[in-house]
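Heads up: the structure comes next, in C-alpha cells.
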Amino acid sequence: MKKLSPQALNRATLDRQWLLRRHDATALEAIEHLVGLQAQSPQAPYVGLWTRLANFRPEELSNLLESRQAVRGSMMRATIHLASSRDFLAFRPLIQPRLEREVYQNITYGRHRLEGLDMDAVLAAGIARMTESPATGAQLRTHLATLWPDRDPAALAHAVRCLLPTIQVPPRGLWNRSGHPTLTTADLWLNSPTTPPSPNQPPTSAAPTTPNTPTPNTRGTQTPAPASTPISAALSTPTAPNALATPDARTPQPTPTPSTAPPQTTPTPSTAPPQTTPTPSTAPPRPTTPGQSNPSIAPNSPDALILRYLAAYGPASVADAQTWSGLTRLAEIFDRLDLRTYTDATTGRTLYDLPHLSLPAEDTEPPTRFLPEYDNLLLSHADRSRFTTPTTRASLALHDVLTKGTLLHNGQATALWKLTKSKTTTTLEISPFTPIPPSAWTTINAEAQALLDFAAPNTIHNINRITP
C-alpha cells in the first residue's frame, strides 16, 4: 500500500474540507458535503462556511434555518450540529447509540437518576409538551416535574433532548441573533419523522429522500405534523448501548427501559391543538455524493454515512471515523465497502479512502485560514497529527480548540483567535502558540482583515497580536 506522510494527509484533508481554495458552491451544498458543522456556538458555522466558500453571505445560512432546509440538533458525538434537514432525517437515527450513552451513562443527568423510570412515558410527555409549542429546557423541566415529582427534572429534560430527534429552532442560530435553546422534534418542525436506519440494500420507494420543508409559523410556534404520525415514529431504533445497529436489527422499537422495575403509569399528555399538515416547499436536489449514486447503498445507511465521512475527512482510519461520529464497531462497515487503502507512514495504520478520489500534491501550498471554535477539521480524527506538531499538541489544549478559533498557517494549527466587539469597534486577537515567521504576517493580516470585513463590516477594525 502507498504510504502517506503527515504532510500528504494534511493536504488531502484540507482539500476535502474545501480549505485549499474557496469553493463556488451554496451554503447548503457545503453543509451536506461536510456532513454538518459542529454548532454549540451558534455563530461558529457562519465563519466555518465563510472560510470555505467564495461568495458566502450570512443571510444565506439564516434563510436556510428559517425555511427549515437546515437545522441545528444533536448529532455526531452527541453535540449540536448544523445539518441539512435531509441529512438530519437520514442520519440522526444512526447516531442514536451515542445519544443513549449520553443519557444513561451521564454522571450528572443519568445512571441512578433514571433507574426504574418508564422512559417511553417520559418521551411521550416531552412530545406532548413540544407539540403545544417549542419548549426551552426550563419549560421542559417544569412540565416533566409535575408528572414525575420524585425525579430530577433536569435529568428528565436531558433524556427528552437526547433520546428524541430534537431540533433547536430559530431565532437561535440566526446571524447576529440570540435566544435560549428552544426545542421541538423533527416530526413537528419538518413534518417528517427521522428515517429508521436502512441495511445495505437499495432504498425502497417508501424511504423519503427529501423532507417536506414547512412554511415557518410567523407566531413563533410550529405547525405540528399530521395527526396520523405515531409517537413511535419519533423514537429511534434501539441498539446495543456501545454499538452501531447491525443490518438485521433495524425494526423500530420503543426506547428500552433502563431497568427491570415495574413500569409506571403513563401520564396523560397535555392537550395539543388540532394538527394540520404544513405547506411543503420545494427543496433543491441533493448534490451528488459518494454512496448516493450507488443504488446498492441506501442514503440513510451506515455505509452511506462512512462514505460521506471519507469524502469530507479522508483518508482516515476506522478509529478516526469513530472519533468523528461517536459510534463504535465500525470496522465491519469499512470491511464490506469497496475502498482504497493507504498506510500512515508515521504510525503504520491502515487508512481508507474512496477509490475514485485523487490526492493533491504533497507540496501544495495551503492558504491561511481562520477556523471557528468547534470546527470539525480539528475534532474528527483520533490522530490529529496531520494538523499539529508534537510541540503544538503539548501546548494546544482541546478546551482552547473548542472555545476559541484556530488559525491555520501552512496547513498547521499555529494560533488561537478571538473576536471582541463593542458598539463601534471590533478587535481580532491572534495568540500564536508556535513560532510564526515574520514574513508570514502579511498573509495572516490580509486574511484577518477579510474576516473582520465579514464578521463586523460596520465597525472600526483592530488586529492585535498577543505575545506568548
Side-chain angles (χ1 to χ4, degrees), residues 38-45 61-62 64-68 70-75 78-83 85 88 92 99 102-103 106 108-110 113-114 117 119 121-191 193-194 214 216-225 231 234-236 255 267-273 275 278 374:
Q38 192 160 332
Q40 275 98 322
S41 174
Q43 303 295 296
L61 176 52
S62 291
L64 289 175
L65 290 167
E66 291 186 306
S67 66
R68 310 188 192 193
V71 294
R72 297 174 63 256
S74 294
M75 285 279 283
T79 56
I80 299 298
H81 269 64
L82 167 73
S85 299
F88 188 86
R92 171 59 179 75
L99 290 158
E102 170 62 25
V103 170
N106 189 286
T108 304
Y109 299 116
R113 296 170 182 81
L114 304 177
L117 186 64
M119 189 57 72
V122 172
L123 299 184
I127 291 171
R129 172 59 187 84
M130 289 183 286
T131 299
E132 295 178 1
S133 68
T136 65
Q139 290 169 334
L140 275 178
R141 291 192 295 271
T142 298
H143 177 73
L144 297 171
T146 62
L147 301 173
W148 286 272
D150 60 334
R151 297 285 184 164
D152 178 4
L156 299 174
H158 184 70
V160 167
R161 181 183 70 82
C162 293
L163 296 181
L164 292 175
T166 53
I167 287 168
Q168 293 186 10
V169 303
R172 189 169 178 83
L174 301 182
W175 180 242
N176 285 338
R177 298 281 296 278
S178 61
H180 294 293
T182 306
L183 303 176
T184 189
T185 68
D187 305 57
L188 295 167
W189 192 245
L190 302 175
N191 190 36
T194 50
N217 187 306
T218 57
R219 296 182 181 180
T221 60
Q222 78 258 39
T223 306
I231 286 180
L235 307 180
S236 300
T255 302
T268 302
S270 55
T271 303
Q275 299 187 6
Y374 299 102

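Hydrogens, waters and symmetry mates play no part in the numbers below; they use all other heavy atoms, side chains included. Please read all numbers here as calculations on a predicted model, not as lab measurements.
Residues satisfying the side-chain hydrogen bond (donor to acceptor under 3.5 Å, both in side chains) criterion with Gln43, sequence neighbours excluded, are absent altogether. The side-chain contact (heavy atoms from CB on, under 4.5 Å) test applied to Asp152 returns Arg113, Ala154, Ala155, not counting sequence neighbours. For Thr79, the side-chain hydrogen bond (donor to acceptor under 3.5 Å, both in side chains) partners at least two apart in sequence or on another chain are His81. Looking at residues two or more places apart in sequence or on another chain, you find no side-chain hydrogen bond (donor to acceptor under 3.5 Å, both in side chains) involving Thr142. Shown here are the salt bridge (Lys or Arg N to Asp or Glu O under 4.0 Å) partners of Arg161, two or more places apart in sequence or in another chain: there are none. Here Ala138 pairs with Thr136, Arg141 under the side-chain contact (heavy atoms from CB on, under 4.5 Å) rule; sequence neighbours left out. Ala70 meets the side-chain contact (heavy atoms from CB on, under 4.5 Å) test with Leu64, Leu65, Leu82; sequence neighbours excluded.
Residues Thr184 and Thr166 form no side-chain contact, since every pair of their non-hydrogen atoms from C-beta on lies 4.5 Å or further apart. In this structure, Tyr109 and Val103 have side chains that are not in contact, with every pair of non-hydrogen atoms separated by 4.5 Å or more. The side-chain heavy atoms of Leu156 and Leu117, taken from C-beta on, include a pair separated by under 4.5 Å.
The closest donor-acceptor contact from the side chain of Arg72 to the backbone of Ile167 lies at 3.5 Å or more, if one exists at all.
Distance check: Leu144 CG to Trp148 CH2 gives 6.5 Å after rounding to the nearest 0.5 Å. Atom-to-atom distance recorded for Phe88:CZ and Leu190:CG is 8.0 Å, nearest 0.5 angstrom. Once rounded to the nearest 0.5 Å, the distance linking CZ of Arg68 with CG of Asn191 reads 9.5 Å. Atom CD of Gln139 sits about 11.5 Å away from atom CE of Met130, to the nearest 0.5 Å. Interatomic distance, CG of Leu140 versus CG of Leu183, reported as 6.0 Å (0.5 Å rounding). Rounding to the nearest 0.5 angstrom, the gap separating the OG atom in Ser74 from the CD1 atom in Ile80 is 3.5 Å.
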With a cut-off of 3.5 Å and sequence neighbours excluded, list every side-chain donor-acceptor pair involving residues 174-181.
none

**Request:** Show your working on side-chain contact (heavy atoms from CB on, under 4.5 Å) between Met75 and Gln38 and close with a plain yes or no.
**Result:** CA-CA 9 Å; Met75 285 279 283; Gln38 192 160 332; over 6 Å; no
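The minimum heavy-atom distance between Arg92 and Cys162, with the atom names listed, is NH2-O, 2.6 Å. Looking at every heavy atom in both residues, Pro153 comes nearest to Ala145 through CB-CB, 3.9 Å.
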